[in-house]
J.: 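Before I ask anything, here is the structure I am working with.
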Amino acid sequence: MIALVRFLVAGYLWSARVLQPLIVIALIVVVVLLQGPGGPDAAEPAVGTLGDVAAFMFPVWAWAARGLLDTQPDEQRALSATAVGRRWVAVGAGLLAAYGVNLALGMIALLVPLLQAVLAGVPVTAVLTGCGLSALVAAAGTLLGAWTSRAIIPNPGLSLPALLGGAVAVLLLGIGRLAWLSVPMIAWLRSAHGGPGAFVDGFPGVALHLVLWSAVVGGAYVAAARVRV
Amino acid sequence: MRLNDVAFRYHRRSSWVLRNVTLSFPPGGVTEVTGRNGAGKSTLLRLLAGIRRPLRGTIEGRPARVGYAPERFPADQPFTVGGYLSHMAAMRGVPDTAITTWAERLAFGDLLPVRLPDLSKGSAQKVGLAQALIADPALLILDEPFAGLDRTTRADLPALLAELAAHGTTVVVSDHQRCLEALPHTNRLHVADASVTPHPGNGPSPWTVLEVIVPAAEAAAAATDLRAAGYRVQRRRADHDT
């Protein structure tokens, strides 16, 4: 599985597709995050920024995952699956490669906000909570992107609208009474903007929701992708 | 390996590509699959390789090590030939030495540093064959492997397949150009009208004697090649001057 993960990541990096999310992240870092909070009350907005990063990175992570999974031509996907022998290994390797790349992209996006949080005197627990939140949201974003990859939606004219529609649907569902069906974006934004204490206290509930959401969506993806390799 | 009452179609409302297919592939056998374009040869090969699942019926006894070369190798990938084969060897848990072995055997050693998108069709086809062969597969499935190959490799490939089969590999080849026609002991299947039937030419055919005259210095090598291709070879003193 690790050999296939390496192959997928190498293909994504060498094809330069990785530049697409990198450019978006660089723009957001330069235009928004570098104008970070300052002054004596900077800790509270600095924690809020950690929640904001996870929110705006959610669609970027989904987009990057779709890009990585679609880098292999269809025929190569068949050859890779034959080489590793078992379909679930090929599907799992794809998810692992996409998640690994997304964690790296997340670290780049978080670099400036984490530095600002440390300089603003944000408690270490809140800083670690921000990292943990991003790691969990990256997994959810990866799975949304995987569901719109070519193995599931072969028509590129449908898969991109499905990606955008999925991201919007997740956001809108999170507002109404069906919020439990969506990723808890509103919940983590609310707790992050409530200060370091509220952010840390609200994290277990948000984390549990994200883990359950990812388990259900990921399990359904593996079942669907196994028969489409 | 055995197919029991296998049926397949690509979409729920589309017509069946294959139906009621029951076949056996003995270990160490070479099977040539023929049929017109679109008859379902590639679909049958993909089912055998495990890339597609039958919608009905079962496939039993597929070996763990399967080598599959598609009709068109996907050359649009950001790797060199050597880099790509190294990744494929790693996926199969095979050392990189297998790459040089097969690169020399298929005569593309000089292409290892070349980028895949820069390959000609025939060279890309060789890379496709090599990635299928490096794992020492117990089941080798080749979809139109002769298309685009240079004359030398095309002439060598049947002997190579016979050699693999002699070592126990089950070989299944779709061959539109009938390049395997001369290979003895080959099972032939014909795909048409969603069914797969043994070719009328199947079964043991009578042997005949063909005289081949070669330079004395090359006689041993030629005899080895012919034996590898499955022919019986008897050497006798030539009474020809040319």
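Residue numbering restarts at 1 for every chain, and letters A, B, ... go by the order of the sequence lines. The figures that follow rest on heavy atoms only: side chains count, while hydrogens, waters and symmetry mates do not. This is a predicted model, so every value here is computed, not measured.
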J.: As an exercise, state the distance from CD of Gln131(B) to CG of Leu133(B), rounded to the nearest 0.5 Å.
T.: 8.5 Å
J.: Using a 4.5 Å cut-off on heavy atoms from C-beta on, say whether the side chain of Leu48(B) contacts that of Leu3(B).
T.: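 Yes; the side chains approach each other to less than 4.5 Å.
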J.: Side-chain contact test, heavy atoms from C-beta onward, threshold under 4.5 Å: evaluate it for Trp147(A) versus Ile153(A) and give yes or no.
T.: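 The answer is no, as the side chains (C-beta and beyond) never meet within the 4.5 Å cut-off.
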J.: Enumerate by number any residue of residues 17-25 of chain A whose heavy atoms lie under 4.5 Å from heavy atoms of chain B; in the absence of such residues, state 'none'.
T.: none
J.: Could you tell me if Ser159(A) and Arg66(A) have a donor-acceptor pair between their side chains, going purely by distance under 3.5 Å?
T.: yes
J.: Thr153(B) and Asp150(B): side-chain hydrogen bond (donor to acceptor under 3.5 Å, both in side chains), yes or no, with the steps?
T.: CA-CA 6 Å; Thr153(B) 313; Asp150(B) 57 69; 2.8 Å; yes
J.: Check step by step if side-chain hydrogen bond (donor to acceptor under 3.5 Å, both in side chains) holds for Arg2(B) and Ser24(B).
T.: CA-CA 4 Å; Arg2(B) 186 172 166 78; Ser24(B) 286; 2.9 Å; yes
J.: Using heavy-atom distances under 4.5 Å, tell me whether Ala93(A) contacts chain B through its side chain, its backbone, both, or neither.
T.: neither
J.: Using non-hydrogen atoms and a limit below 4.5 Å, what part of residues 77-102 of chain B faces chain A?
T.: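 Within residues 77-102 of chain B, the residues under 4.5 Å from chain A are Gln77(B), Pro78(B), Phe79(B), Tyr84(B), His87(B), Met88(B), Ala90(B), Met91(B), Arg92(B).
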J.: Checking Arg72(B) against chain A: side chain, backbone, both or neither under 4.5 Å from a heavy atom?
T.: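 For Arg72(B), the contact with chain A is made by the backbone alone.
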J.: Looking at Trp88(A), I'd like to know if its CH2 atom is crowded, meaning that more than 12 non-hydrogen atoms belonging to other residues, nucleotides or ligands lie closer than 6.0 Å.
T.: no
J.: What part of Ser80(A) lies closer than 4.5 angstrom to a heavy atom of chain B: side chain, backbone, both or neither?
T.: both
J.: Any Lys/Arg nitrogen of Asp5(B) or Arg56(B) sitting under 4.0 Å from an Asp/Glu carboxylate oxygen of the other?
T.: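 Between Arg56(B) and Asp5(B) there is no salt bridge, as every charged N stays at least 4.0 Å from the carboxylate O atoms.
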J.: Got a donor-acceptor contact below 3.5 angstrom from the Asp193(B) side chain to the Ser195(B) backbone?
T.: no
J.: Can a salt bridge be assigned to the pair Lys41(B) and Glu71(B) using a cut-off of 4.0 Å between side-chain N and carboxylate O?
T.: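 Looking at Lys41(B) and Glu71(B), the cut-off is not met.
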J.: State plainly whether the residues Arg105(B) and Glu163(B) are in salt-bridge range, i.e. N to O under 4.0 Å.
T.: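 Looking at Arg105(B) and Glu163(B), the cut-off is met.
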